[in-house]
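Note that the structure is predicted; figures quoted are calculated from it, not measured. Naming: A, B, ... by sequence-line order, numbering from 1 per chain.
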Number of protein chains: 2
Amino acid sequence: MDPFIRKLSLRAHLDRDDVAALERAIRDISRVEAGRDLVTEGSAPGGACIILDGFACRYKLVPDGGRSILAYLVPGDGCDLHASLLNRAINSVATLTHCTIASVPYRAIKELAAARPNIYRALWWSVLVDGAVLQEWLVGIGRRSADKQVAHILCELLTRLRAVDLGTEADYRLPLTQAELADTAGLSNVHLSRVLADLRNAGLITSGRKSISVPDLGRLCDFADFKPDYLLLPAAEKSSEELGRLPGMTKIVC
Amino acid sequence: MDPFIRKLSLRAHLDRDDVAALERAIRDISRVEAGRDLVTEGSAPGGACIILDGFACRYKLVPDGGRSILAYLVPGDGCDLHASLLNRAINSVATLTHCTIASVPYRAIKELAAARPNIYRALWWSVLVDGAVLQEWLVGIGRRSADKQVAHILCELLTRLRAVDLGTEADYRLPLTQAELADTAGLSNVHLSRVLADLRNAGLITSGRKSISVPDLGRLCDFADFKPDYLLLPAAEKSSEELGRLPGMTKIVC
DNA sequence: CGAAACTTTGAGCGCATTCAACGCCAGTGG
DNA sequence: CCACTGGCGTTGAATGCGCTCAAAGTTTCG
């Protein structure tokens, strides 16, 4: 539960009762291995879920056999919390790593939203953020060069992880495959490999099998022209000096 | 008001009282000339608005001076209906043609949504559609070839117009500039001109100054592999035979 | 140890870009 | 009524980014 509550708390102010209500509603927790579909495009939605640990992605398969990744879900992120209106899922969701997942019936969400204005606002906010991220990706894929585009995605992911207190200083590591990043950035595997090599040579990242690390997020953000405003995080609205100097963190002036 | 009500009615069933409530809430109607910003990125949101007539677009300016169009707003579409949670707009909205606009205070929207479940559902649905469209564009810009990508955008726009009973058979015409389409598809003006020339030579479109016409939407949809499912229109869930044979319309089996 | 998944490297090609110039049309003002 | 101006569209040539195809290296896992 923790990262989810932390995420909702970023914007709305959840009081003791709100948290209690959330904890009461969200009980059904399970572990899922990597590479499993949580939602399959075209199927009837079964219920919402929340990622408590691990990485997942929202994706679509394209006619030519490829895959297009539309969003990453990190701990705290909900998945299809509002899809009860739909007859069929319009995209799939799959785990990228082992995940801990909470399943939530739609009814529970509706009741929470109806009874608790704070939670209602927080859920809305997270929908707006999802949209904003999608917009930013659209801009990126259309306009940015491949290297900045990839760097931008990394910056965004790390910033989102930081917002829920994950991916801390010592371990700015993402468990992503090159193929996954390629499907995100709209690049071929081959070219993505070269792009990563460039970033590595520039000292902006280090990468290994299924993992990418960022030694100095500030520099990467500079390189990518990453401006976190669109994530609508409260921190992004403070001055960047303030943001860069939170205790126990390296500079992340973006 | 009409196209907005027609749009909401696509999914939710609005009864007489719902419509009356909408008409009561939405009064402040004005005309706006082409090329005006309705919303400016970074400014505090002043209130929501609804496009009653004309075309508008949501866009972002990119650092290098370019513009990236994130969505088109056609009659019936709302604009920032749910942005009251935000401190600052994260994208701009501008008119592309002369428009008739209804301004709606956020309070009115909240009250409508709270008091009238049908309207609540309809508003939610339109948010989901906006997200779905954005997803489809993301896939398109990353994966489709330039010509199919442009064709796909045209198909989508015309399908959306048809859904609110505009852009009928005799006048499948879009008042779009090449520069606008280029900023949408993530292509250069020059290349977009060539792409349009190809589509013209293939007999799929005709184009003039600030306008593009589609003589046979069915053929264009075929060419673009356009499948309207993601628009979540009720018609899309009927069999395509049924859809193609509505009275007074040319075949639009997509 | 072998197989599968992931990553890297090289070579050649093609799509889309940039730069530049020109044509065309609409509106404006003399 | 005509010339001018600016927005829009077209065309050509040269460049380059990212793709495809192909093969080999590397790590993990059964």
Q. Touch check for Leu187(A), heavy atoms < 4.0 angstrom, all strands: base, sugar-phosphate only, or nothing?
A. sugar-phosphate
Q: Name the nucleic acid region contacted by Val190(A), choosing base, sugar-phosphate or nothing; use a 4.0 angstrom heavy-atom cut-off, strictly under.
A: base
Q | No-H, no-angle donor-acceptor pair, Arg209(B) side chain to dA26(C) base, under 3.5 Å | A | no
Q. Roughly how many Å is it from NZ in Lys210(B) to P in dA26(C), rounded to a whole number?
A. 11 Å
Q.
Please report the distance, rounded to the nearest Å, between CG in Asp147(A) and P in dC17(D).
A. 10 Å
Q.
Any non-hydrogen side-chain atom of Tyr59(B) less than 4.5 Å from a side-chain atom of Asp37(B)?
A. yes
Q. Rounded to whole angstroms, how far apart are CG on Leu192(A) and P on dC6(C)?
A. 14 Å
Q | Between C1' of dA20(C) and CG of Asn189(B), the distance in whole Å | A | 14 Å
Q: Can you check whether any acceptor in the base of dG9(D) is under 3.5 Å from a donor in the side chain of Arg194(B), or vice versa?
A: no
(Q) I'd like to know if the side chain of Arg143(B) and the backbone of Arg67(A) have a donor-acceptor N/O pair within less than 3.5 Å. (A) yes
**Q.** Length of the line joining Ile141(A):CD1 and dC19(D):P, which is rounded to integer Å
**A.** 10 Å
Q. Can you check whether Leu231(A) reaches Phe226(A) side chain to side chain, under 4.5 Å on heavy atoms?
A. yes
**Q.** Length of the CZ-C1' vector between Arg143(A) and dT17(C), whole Å
**A.** 12 Å
Q: Determine the contact category for Ala197(B): base if any of its heavy atoms lies under 4.0 Å from a base atom, sugar-phosphate if only primed atoms, P, OP1 or OP2 are that close, otherwise nothing.
A: nothing
Q: Give the C-alpha distance, both sets of side-chain angles, the deciding distance and a yes or no for side-chain hydrogen bond (donor to acceptor under 3.5 Å, both in side chains) between Glu156(A) and Tyr230(A).
A: CA-CA 10 Å; Glu156(A) 179 196 294; Tyr230(A) 69 96; 2.8 Å; yes
Q: Would you classify Thr177(A) as touching base, sugar-phosphate or nothing, given that sugar-phosphate means primed atoms plus P, OP1 and OP2, and contacts are heavy atoms under 4.0 Å?
A: sugar-phosphate
**Q.** Length of the line joining His191(A):NE2 and dT7(C):C1', which is rounded to integer Å
**A.** 16 Å
Q | Gap between atoms CG and P, on Leu176(A) and dA5(C) respectively (whole Å) | A | 19 Å
Q. Just by modelled atom types, is the Val74(B) backbone N or O under 3.5 Å from a matching donor or acceptor in the Asp77(B) side chain?
A. yes
Q: Report which part of the nucleic acid Gly35(A) touches: base, sugar-phosphate, or nothing (heavy-atom distance under 4.0 Å, all strands).
A: nothing
Q. So, is Ser193(A) near the phosphate of dT7(C), with a side-chain N or O under 4.0 Å from OP1 or OP2?
A. no
Q. With a 4.0 Å cut-off on heavy atoms, is Ser207(B) in touch with a base, just the backbone sugar-phosphate, or nothing at all?
A. nothing
Q: Ignoring backbone atoms, test whether Gln178(B) places a side-chain nitrogen or oxygen under 4.0 Å from the OP1 or OP2 oxygen of dG7(D).
A: no
